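Structure record follows, encoded as structure tokens.
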Amino acid sequence: MTSTHQRASGADVERGPGRWLALAVLVLAVLLVAVDATVLGLATPYISEDLKPSGTQLLWIGDVYSFVIAGLLVSMGSLGDRIGRKKLLLTGAVAFGAVSVLNAYATSPELMILARALLGVAGATLMPSTLALIRNIFHDPRERSLAVGIWGAMASAGAAVGPVVGGFLLEHFWWGSVFLINLPVMAVLVLVGIKLLPESKNPAPGPWDLVSVALSLIGMIAVVYAIKEAAAHGLRWDVVVAAVIGAAALTWFVRRQLTLPAPLLDMRLFRNRGFSGAVLADLLTVLGLSGLVFFLSQFLQLVQGRRPFEAGLAELPAAVGAVGAGLIAGMVARRFSVRVVVAGGLAAVGLALAALTGLSEHTGYPLLGASLLVVGIGAGFSFTVTADVILSSVPKEQAGAASAVSETAYELGAALGIALLGSIVTGVYRDFTAPAGTPPDVASASHESLGGAVESVTALPPHEADALLAAARTAFVDGLSLAATVGAAVLLATAVAAWFLLKGQKLEESPLPPEDDAP
């Protein structure tokens, strides 16, 4: 019911049509973070050519953004609960735009690494704030399910649009342009968000524990670093030290949360089987998918010879499937059940990955496109419903911290997936035998990566170059097929686990019939 003297307040936004306009602002932030996460991969060859980073510096340029985001998500989610989610979101958006300029005009590898780290700090404020605001704007459970579906759909769309937009910009402008596209989006988000977004926070949050913030940051960064380095270079002493430091910091973090009267993250949330099951499903799903997604662009460009823009278009079916499934996931989960939708979605993704185990250099696009569509549909159903379960399992006051746990599961799953499945691809690839007579320096560069092989063969006569590239591409595809097999096994096992962990889990129902809900 509405009154004639409604004020332009948060309550009005939550009741009237303003809540959908507010959602439109929130999905801009999601779109931006998702696009930014995917464009760097396409821009890396251009950045390498211009800034001339060492191999280690190049890895840090690629990784430091996700390291910092993974380390700060829980802290930033909790900070939003304390100071206000709108305030944190808009501050982070301004910072994200400003640091994007620093990324675009970086003049050295060191400055680029610093700029990517600062972008990670800003990015960590955006994702938990958006989900937490959705939890507090949409009180009707069915509307909240649709809002979460739209939120997830935009994340999927951003991840797919990123390569397309990035590919177009890289073919027409310099590499910094892929960062400058953030500015107009951020400007709209801030200007419209100031007016439309309601403020929400925990009314009795307690102090923000800086020791817990430090432990969370050190623990997550050290663990993610150890996983990635162990996969790339094996168990060196520094990797073992990082793993021990990370494990010790996270253990201390958990123990500290259990003793604090106002913890950064309430560990008791994990006693809720639905919450824990949804978080675990997210982590393992991203783990199983990320290795394939990470190497698929290389397959399309370096094996099948597609241009960056064409490769981006080729990956669109996954986004189309995810967007469509995300929008109806809540309705389907209420019609059947949470565990049917999540487990069924994960099983579909696993079977689609299994179909890619027969991948070859000459695999036609119909099989690839169909598999990507099924992956998108399955992931869209699963991720949307698990996000809804996570949000509805916690009190509104803790929405930021709970959202951050969900996002942290994605980041950790991506790090584990790229590390574990990436090491499978790399391990198989490096074992290929270069044709007899290949110069040692060319053979060495070729064994480092498929990109290195494509670049180094330009110095060889055409017939020798073709033979070396054929061997390298075959090895890469063999590694990708094995990674798809492992990914399929992980997804199918996760589907079984979700079936048991989410037993009896239901999405909240609307307290009033739909016709009584109209403004």
Side-chain angles (χ1 to χ4, degrees), residues 28-73 75-76 79 88-129 158-159 161-163 165-170 172-190 213 217-218 220-222 224-225 228-229 294 297 308 407 410-411 414-415 418:
L28 275 181
V30 174
L31 197 64
L32 199 70
V33 174
V35 167
D36 195 80
T38 53
V39 293
L40 184 73
L42 286 170
T44 297
Y46 301 88
I47 293 171
S48 300
E49 190 179 333
D50 192 14
L51 302 184
K52 310 244 177 330
S54 67
T56 303
Q57 287 173 328
L58 192 61
L59 282 175
W60 277 104
I61 288 170
D63 290 341
V64 72
Y65 176 76
S66 59
F67 284 168
V68 173
I69 278 193
L72 281 177
L73 274 169
S75 299
M76 290 300 184
L79 181 62
L88 184 67
L89 177 71
L90 296 181
T91 304
V94 171
F96 201 93
V99 178
S100 293
V101 177
L102 187 60
N103 277 263
Y105 291 101
T107 53
S108 69
E110 294 80 8
L111 187 57
M112 189 70 186
I113 291 168
L114 174 64
R116 292 297 293 168
L118 291 174
L119 202 64
V121 176
T125 68
L126 299 178
M127 295 299 272
S129 300
V161 167
V165 174
F168 176 81
L169 291 172
L170 290 168
H172 294 87
F173 305 98
W174 106 110
W175 58 263
S177 61
V178 301
F179 299 109
L180 294 182
I181 57 170
N182 296 341
L183 296 181
V185 181
M186 274 305 169
V188 172
L189 193 160
V190 173
V213 172
L217 182 63
I218 292 167
M220 286 299 298
I221 288 180
V224 173
Y225 171 82
K228 288 195 170 187
E229 286 296 300
F294 184 74
S297 291
E407 296 297 328
Y410 293 153
E411 290 296 331
I418 291 171

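Predicted model, so just to flag it, every value in this text is computed and none were measured.
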* Asked: Side-chain contact, heavy-atom cut-off 4.5 Å: Ser100 with Leu119?
  -> yes

* Asked: Judged by atom type as modelled, is there a donor-acceptor pair below 3.5 Å linking the side chain of Asn103 to the main-chain atoms of Phe179?
  -> no

* To do: List in chain and number order the residues that pass side-chain hydrogen bond (donor to acceptor under 3.5 Å, both in side chains) with Thr125, two or more places apart in sequence or in another chain; answer none if no residue qualifies.
  => none

* Asked: What are the two closest non-hydrogen atoms of Val68 and Gly120, and how far apart are they?
  -> CG1-C, 3.7 Å

* **For Ala93, side-chain contact (heavy atoms from CB on, under 4.5 Å) partners two or more places apart** => Leu126, Met186, Leu189, Val190

* Is there a side-chain contact (heavy atoms from CB on, under 4.5 Å) between Tyr65 and Ile113 once you walk through the steps? -> CA-CA 9 Å; Tyr65 176 76; Ile113 291 168; over 6 Å; no

* At what distance, to the nearest 0.5 angstrom, does CE of Met220 lie from CG of Leu72? -> 10.5 Å

* Heavy-atom check, side chain of Met76 versus side chain of Leu79, under 4.5 Å -> yes

* Is there side-chain contact between Leu111 and Leu102, with at least one heavy-atom pair below 4.5 Å? -> yes

* Test item: Ile221 and Leu217 side chains (from C-beta on) under 4.5 Å apart, heavy atoms -> yes

* Can you name the closest pair of heavy atoms from Ala122 and Gly92 and give their distance? -> CB-O, 3.8 Å

* Who pairs with Phe173 by ring pair (Phe, Tyr, Trp, His ring centres under 6.0 Å), at least two apart in sequence or on another chain? -> none

